[in-house]
Amino acid sequence: MMKHLLIASSFLLAAAPSLAAAVVGQPAPAFSVADSNGRTVSLADFKGKTVVLEWTDPECPFVQKHYNGAMQKLQADARRDGVVWLTVNSEGAGKQGAVSAAQANRYVRSNGLMPAAYLLDTSGAMARAYGARTTPHMFVINKEGVVAYAGGIDSIPSADPADTGRAQNFVQLALSDLKAGKAVATPSTRPYGCSIKF
């Protein structure tokens, strides 16, 4: 029953009007956010690089679905290709999925994650700037600093890890298109997952 409620709520959220300030084909919103190591990370730091933004909540079953090895592989493949992967936690203090810097670092280590940085957007300002509203909610920014993809991570909006092998992974496809010097074939999809709680 709980799984059905979670899935139903994700569909309702995905069907809501888009609040995105990050628009495909337009420059990505600038940001400067502290990471889990106390370093300020800015989009400007990665000029000339492809950047992936992945909104996360460690307690969300839709996030957990992908951290069965699929997300780790995607992060590793992206890193090997010179892509900067930034994991973003925008959950407000005391809300589900909110983590301290130390908790974030333990989570990264214990799960074998490979982001360039784990950003702690405790004010929710970065999430609001991008219109991020679910976990996961994914954005790919090309080397020119333009949003090339925005939306869900894949084509099967479920919390079942078994679906990762059957789904089209939109982030992987977007990165492949950019690597080949092509326009992203599917630049926008509906995100699904748990709502971000500011």
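Keep in mind that what you see is a predicted model, and the values were worked out from it rather than measured. For reference, positions follow the sequence shown, starting with 1.
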> Ser158 and Tyr192: side-chain donor and acceptor closer than 3.5 Å?
Replying inline: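 Short answer, no.
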>> Quick one about Tyr118 and Asn105 (side-chain donor to acceptor, distance below 3.5 Å, no hydrogens or angles considered), yes or no?
In response: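 Side-chain D/A pair, Asn105 to Tyr118: absent.
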>> Looking at every non-hydrogen atom in both residues, tell me the closest pair between Ser90 and Ala127 and how far apart they are.
In response: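 Shortest heavy-atom separation between Ser90 and Ala127 comes out as OG-CB, 3.5 Å.
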> So, do Leu120 and Val99 sit near enough that their side-chain heavy atoms are less than 4.5 Å apart?
Replying inline: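 Heavy-atom side-chain distance check passes, below 4.5 Å.
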Hey, what do you get for [atom1] ([X]) to [atom2] ([Y]), rounding to the nearest 0.5 Å?
| X | Y | atom1 | atom2 | result |
| --- | --- | --- | --- | --- |
| Thr135 | Gln96 | OG1 | CD | 7.5 Å |
| Ile141 | Thr50 | CD1 | OG1 | 9.5 Å |
| Asn111 | Tyr67 | CG | OH | 8.0 Å |
| Thr56 | Met71 | OG1 | CE | 6.5 Å |
| Thr134 | Ile196 | OG1 | CD1 | 6.5 Å |
| Lys73 | Asn169 | NZ | CG | 10.0 Å |

> Given the rule that I, L, V, M, F, W and Y join up when any side-chain heavy atoms are under 4.5 Å apart, are Leu74 and Tyr107 in one cluster?
Replying inline: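 Yes.
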>> Are Val63 and Val108 connected into the same hydrophobic cluster when the rule is that any two of I, L, V, M, F, W, Y join if their side-chain heavy atoms are below 4.5 Å apart?
In response: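 They do share one cluster, since a chain of ILVMFWY contacts under 4.5 Å joins Val108 to Val63.
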> Once the angle between the rings of Tyr130 and Trp55 is folded into 0 to 90°, is it parallel (under 30°), tilted (30 to 60°) or perpendicular (over 60°)?
Replying inline: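 It falls in the tilted class, 30° to 60°.
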Look only at the side chain of [X] and the backbone of [Y], and say whether a donor-acceptor pair between them is shorter than 3.5 Å.
| X | Y | answer |
| --- | --- | --- |
| Asp160 | Ala162 | yes |
| Glu54 | Thr87 | no |
| Asp121 | Ala125 | yes |

>> With a 4.0 Å cut-off on N to O distance, would you call Asp154 and Lys65 a salt bridge?
In response: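 Salt bridge flag = yes for Lys65 with Asp154.
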